[in-house]
Amino acid sequence: MRIDFLRFRPLFALTLAFAALAQPALAGTGQPSPWQMTFQTPVTEVARYIDWFHNGLLWLIGAVVLFVLALLIYVMVRFNEKANPTPSKTTHNTLIEVAWTVVPVLILIVIAVPSFRLLKLQLVPPQADVVIKATGHAWYWSYEYPGNEGEAFSFDANMVPDDQLQPGQPRLLATDNEVVVPVNKVVLVQVTAADVIHAFAMPSFGIKVDAVPGRLNETWFRAEREGMYYGQCSELCGQNHAFMPIAIRVVSEEQYAAWLTEARQRFAATEVRPVKVASRATAAE
């Protein structure tokens, strides 16, 4: 039988168009991109490890799915009623039962090794060069530089309304005051909340940690590239949850020193609101 492929040209064209649209868009650096389906460009060691681990798991999961699909197709073809009119009465197969128990265990061990390494990388911060305290409020963030490089100062960071956005500022992500940190320096971020549970998340840095009232959590990052990076509260914290972004500007050491001098004068009159944190004795009770 001769197949007229010309009749299927519209179908082929539609398939190619769908495949082109389905291609994942390249992720931006520091903020999401339209139609993005991948992670944002990683700029820290932790974020790169997360990206590598995620992609490796996708290949592993894909291989498992294809293997199971091949088994299903084989069973449907080899053991259907037409091809196998007299079914086997076998109820046990020791080799197969051992295999389908041992192989998944080995796969989980392979996954566990890099997983534990990633957890250690995230949860054991190196010696900090800069310490910043981030406090979640309903609904904005406040930041405190607790005197690690001179006089302490703090400031609030509220989302910039749509009608006040400047060129280059992304909607729903830009803030009136930005956190500034030096490039290639270890930044320890102490995270807490003043009212309800929030979450401090910065995708390009590979960090996300809960901000819990009465508790002081911490995370860290070392940005390897200067630029502007945006995150958001990733906890459903209330009515204006979608309007409390995080904006961090990574600059050179010289620019950071100049910003510190300016910030101490600019935010000198800002009152530092105390946040009660449970002590070890209180936690033990």
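Because the structure is predicted, anything quoted here is derived from the model rather than measured. Atoms considered below: every heavy atom in the structure, side chains included; atoms not considered: hydrogens, waters and symmetry mates.
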Checklist entry - How about Gln190 and Leu216: do any of their side-chain heavy atoms sit closer than 4.5 Å? => result yes

Checklist entry - Do Val209 and Val130 sit in the same hydrophobic cluster, where Ile, Leu, Val, Met, Phe, Trp and Tyr count as joined when their side-chain heavy atoms come under 4.5 Å apart? => result yes

Next on the checklist: Please determine whether a side-chain nitrogen of the Lys or Arg among Glu224 and Arg48 lies less than 4.0 Å from a carboxylate oxygen of the Asp or Glu.
Outcome noted: yes

Next on the checklist: Taking side-chain contact (heavy atoms from CB on, under 4.5 Å) as the criterion, tell me which of Val187, Val180, Val179, Ile132 meets it with Ile248.
Outcome noted: Val179

Next on the checklist: Which label fits Trp141 and Phe200: parallel for a plane angle under 30°, tilted from 30 to 60°, or perpendicular past 60°?
Outcome noted: perpendicular

Checklist outcome for this item: Value for CG (Asp51) from OG1 (Thr38), rounded to nearest 0.5 Å, stands at 8.0 Å

Checklist entry - Going by atom types alone, do Thr94 and Glu97 pair a side-chain donor with an acceptor below 3.5 Å? => result no

Item to check | Whether Phe205 and Phe221 hold their rings parallel, tilted or perpendicular, with breakpoints at 30° and 60° | outcome: parallel

Checklist entry - Going by heavy atoms in the side chains, are Val189 and Met202 under 4.5 Å from each other? => result no

Checklist entry - With under 30° as parallel and over 60° as perpendicular, where do the rings of Tyr145 and Trp259 fit, or are they tilted in between? => result tilted

Checklist entry - Is any side-chain heavy atom of Val131 closer than 4.5 Å to a side-chain heavy atom of Pro146? => result yes

Next on the checklist: Whether the side chain of Asp210 engages the backbone of Ala199 through a donor-acceptor N/O pair (distance < 3.5 Å, no angle test) should be reported.
Outcome noted: no

Checklist entry - Do Phe39 and Trp52 make the cut of ring centroids closer than 6.0 angstrom? => result no

